[in-house]
Amino acid sequence: MTPLSPENNIHLKTPSADVVSSYQIRVQIPPENVDEVLQAVLQVDSLQYGDYQKVAFRHRSGTQQFEPMVNACSGKLGLIQVPCDEVSFVVPQNDSVLSNVVEAVFCAHPYEEPVIQIQPILST
C-alpha cells in the first residue's frame, strides 16, 4: 500500500463515495475542557466531513495517567491519574490545516503537553 503523505494524496471515486487522504486526530482532554478545545479547533477548521461540518467523536469517561519528570511544570511528583475524554476528528491532508489545528489544540488545552495523536488515513 502507498504510504499516505502530502506527496501521495489519494482521491478515489466510487459510485457512492469519494475516498480521500486525510488526517485523523485524537486528543485526550479533561471533560470540562472538551468544548473549549473543540471551539478553538473550529476557529481554524470547520471539521467538514462530506456535507456536514463540526464533525467530531467524543469517547467519554476514560482515565489518563502520567508521572511528571523533573522538568515538568505540574509541580507534583508520583503517578497522577485524572478523568479524561478522548475526542477524534478528521481534517484534510494538508500541512497548513494540520499545523493550525495542532496549534489551536495546544493553545486551548489546559495541559502544558497535551496528548495529540495524528494518523494519516483514507476517509469517505
Please list, one pair per line, the donor and acceptor atoms closer than 3.5 Å that link side chains of residues 24-38 to other protein atoms, with sequence neighbours excluded.
from  : atom 1 : to     : atom 2 : distance (Å)
Arg26 : NE     : Gln117 : OE1    : 3.1
Arg26 : NH2    : Gln117 : OE1    : 2.4
Gln28 : OE1    : Gln64  : NE2    : 2.7

| query | Can you tell me how far the CG atom of Asp45 sits from the CD atom of Gln53, to the nearest 0.5 Å? | reply | 10.0 Å
| task | Identify, with sequence neighbours excluded, every residue that meets side-chain hydrogen bond (donor to acceptor under 3.5 Å, both in side chains) alongside Arg60. | result | none
| field | Val105 vs Val41 side-chain heavy atoms within contact, under 4.5 Å | value | yes
| Check: Ile80 and Pro68 side chains under 4.5 Å, non-hydrogen atoms | yes
| remark: Interatomic distance, CD1@Ile121 vs CD1@Ile10, rounded to 0.5 Å, equals 11.5 Å
| From Leu98 CG over to Ser22 OG, what is the distance, rounded to the nearest 0.5 angstrom? | 11.5 Å
| message | According to ring pair (Phe, Tyr, Trp, His ring centres under 6.0 Å), does anything in residues 29-59 pair up with another residue at least two apart or in another chain? List the pairs. | response | none
| note | The side-chain contact (heavy atoms from CB on, under 4.5 Å) partners of Ser61 (sequence neighbours excluded) come to none
| message | Can you confirm whether Val115 sits close enough to Phe66 that some side-chain heavy atom of one is under 4.5 Å from a side-chain heavy atom of the other? | response | no
| Is any side-chain heavy atom of Ile118 less than 4.5 Å from a side-chain heavy atom of Val102? | yes
| field | Same cluster (ILVMFWY, side-chain, under 4.5 Å), Val20 and Val91 | value | no
| Taking the side chain as C-beta and beyond, is there a heavy-atom pair between Asp95 and Tyr23 under 4.5 Å? | yes
| note | Between the CG atom in Leu12 and the CG atom in Asp18, the distance rounded to the nearest 0.5 Å is 8.5 Å
| task | Please name the pair of heavy atoms, one in Asn94 and one in Val97, separated by the smallest distance, quoted to 0.1 Å. | result | OD1-N, 2.9 Å
| said: Restricting to non-hydrogen atoms, name the atom on Tyr111 and the atom on Val82 that form the minimum distance, rounded to 0.1 Å. | reply: OH-CG2, 3.3 Å
| field | Partners passing side-chain hydrogen bond (donor to acceptor under 3.5 Å, both in side chains) against Gln81 (at least two apart in sequence or in another chain) | value | Gln65
| query | Which atom pair, heavy atoms only, marks the closest approach of Ser21 to Gln93? | reply | CB-OE1, 3.2 Å
| query | Does Asp85 have any side-chain hydrogen bond (donor to acceptor under 3.5 Å, both in side chains) partners at least two apart in sequence or in another chain, and if so, which? | reply | Arg58
| message | Tell me the closest heavy-atom pair linking Pro114 and Phe106, and the distance in Å. | response | CD-CE2, 3.5 Å
